Amino acid sequence: RNITVEKADAIVSFAGPLMNFITAIVFALIYCAIYKFANLAFFTSNIGAIIINIIGSIVTINIGLGVFNMIPLPPLDGSKIFLPILPRNAKVWFVQHEQMFYFVFLFIWITPIAGKLIAPIIDEITSWILKFAMTVFGL
């Protein structure tokens with residue numbers, strides 16, 4: 001099969017967010033394993049609370065990074081992932097106006113818009129991943 005540079009770039013660009021989601025799943029599983037198998041002394045100790053908080057943060061941060069990186073604006077990976085699926089006219093327009101999208105990205109980045117747009121998505125994906133991990137451990 002003949003793969004274009006554009007499609008290869010999309011596949012490579014998808015690797016980053018995919019690894020963020022895989023990392024979130026692995027740490028959600030670790031989080032649930034600790035809840036399933038750790039004793040009460042672990043949870044009441046300072047180190048136990050710190051470990052649980054760190055693992056929970058790793059899950060949330062990786063989901064947030066994965067979702068944010070999927071926004072289809074340059075310089076984010078989402079712009080390279082979605083480019084091959086655009087119709088030809090839209091693709092040409094997107095490439096010709098790519099510089100404009102950097103300003104749109106900066107505007108979204110420095111205002112609370114990004115958080116408001118992706119927070120519900122992050123919450124939903126976090127919920128799915130935690131439900132999956134809890135199901136695996138029968139919690």
Side-chain angles (χ1 to χ4, degrees):
R1 251 180 98 159
N2 193 5
I3 189 163
T4 64
V5 172
E6 186 179 76
K7 288 179 184 174
D9 199 23
I11 292 167
V12 170
S13 294
F14 187 65
L18 179 62
M19 283 310 301
N20 287 125
F21 295 126
I22 290 171
T23 301
I25 291 167
V26 167
F27 277 90
L29 290 167
I30 292 168
Y31 188 89
C32 288
I34 290 171
Y35 267 99
K36 175 97 176 182
F37 300 113
N39 60 22
L40 184 60
F42 175 80
F43 291 106
T44 57
S45 69
N46 286 337
I47 191 72
I50 291 169
I51 289 171
I52 288 295
N53 284 330
I54 289 171
I55 292 171
S57 295
I58 290 170
V59 171
T60 304
I61 289 168
N62 274 281
I63 293 169
L65 288 171
V67 170
F68 183 74
N69 228 347
M70 294 292 290
I71 295 173
L73 290 173
L76 301 173
D77 288 330
S79 65
K80 294 178 185 93
I81 294 167
F82 293 108
L83 193 61
I85 63 173
L86 290 176
R88 185 173 176 356
N89 290 343
K91 191 181 306 184
V92 169
W93 184 87
F94 186 84
V95 170
Q96 287 175 345
H97 295 88
E98 192 171 354
Q99 295 293 352
M100 175 188 68
F101 289 111
Y102 282 96
F103 292 109
V104 173
F105 168 75
L106 285 173
F107 178 76
I108 289 172
W109 179 253
I110 61 174
T111 64
I113 293 172
K116 290 181 181 183
L117 289 174
I118 66 173
I121 298 167
I122 292 168
D123 291 344
E124 192 65 30
I125 293 172
T126 302
S127 175
W128 291 344
I129 288 174
L130 288 175
K131 282 178 188 173
F132 167 74
M134 288 190 293
T135 301
V136 168
F137 286 96
L139 298 173

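As the structure is a prediction and not an experimental result, all values here were calculated from the model. When reading the values below, keep in mind they use all heavy atoms of this one structure, side chains included, and skip hydrogens, waters and symmetry mates.
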> At what distance, to the nearest 0.5 angstrom, does CD1 of I63 lie from CZ of F21?
Replying inline: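 Going from CD1 on I63 over to CZ on F21, the span is 7.5 Å.
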
>> Run Y102 and L106 through side-chain contact (heavy atoms from CB on, under 4.5 Å) and show every step you take.
In response: CA-CA 6 Å; Y102 282 96; L106 285 173; 5.6 Å; no

> Which class fits the ring pair W109 and F105: parallel under 30°, tilted 30 to 60°, perpendicular over 60°?
Replying inline: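 Correct class here is parallel.
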
>> Evaluate I52 against Y31 for side-chain contact (heavy atoms from CB on, under 4.5 Å), listing each step before the verdict.
In response: CA-CA 7 Å; I52 288 295; Y31 188 89; 3.6 Å; yes

Over 12 non-hydrogen atoms of neighbours within 6.0 angstrom of [atom1] in [X]:
X	atom1	value
F27	CZ	no
N39	CG	yes
N53	CG	yes
F107	CZ	no

> What heavy-atom pair brings M70 and F82 nearest, and what distance separates the two atoms?
Replying inline: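 Between these two residues, the closest heavy atoms are O-CE1, 3.4 Å.
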
With no hydrogens and no angle check, is any side-chain donor or acceptor of [X] less than 3.5 Å from a backbone partner on [Y]?
X	Y	result
S127	D123	no
K36	F137	yes
T60	S57	no

>> Run the side-chain hydrogen bond (donor to acceptor under 3.5 Å, both in side chains) test against E98 and tell me which residues pass, sequence neighbours left out.
In response: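 Per chain and number, E98 pairs via side-chain hydrogen bond (donor to acceptor under 3.5 Å, both in side chains) with no residue.
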
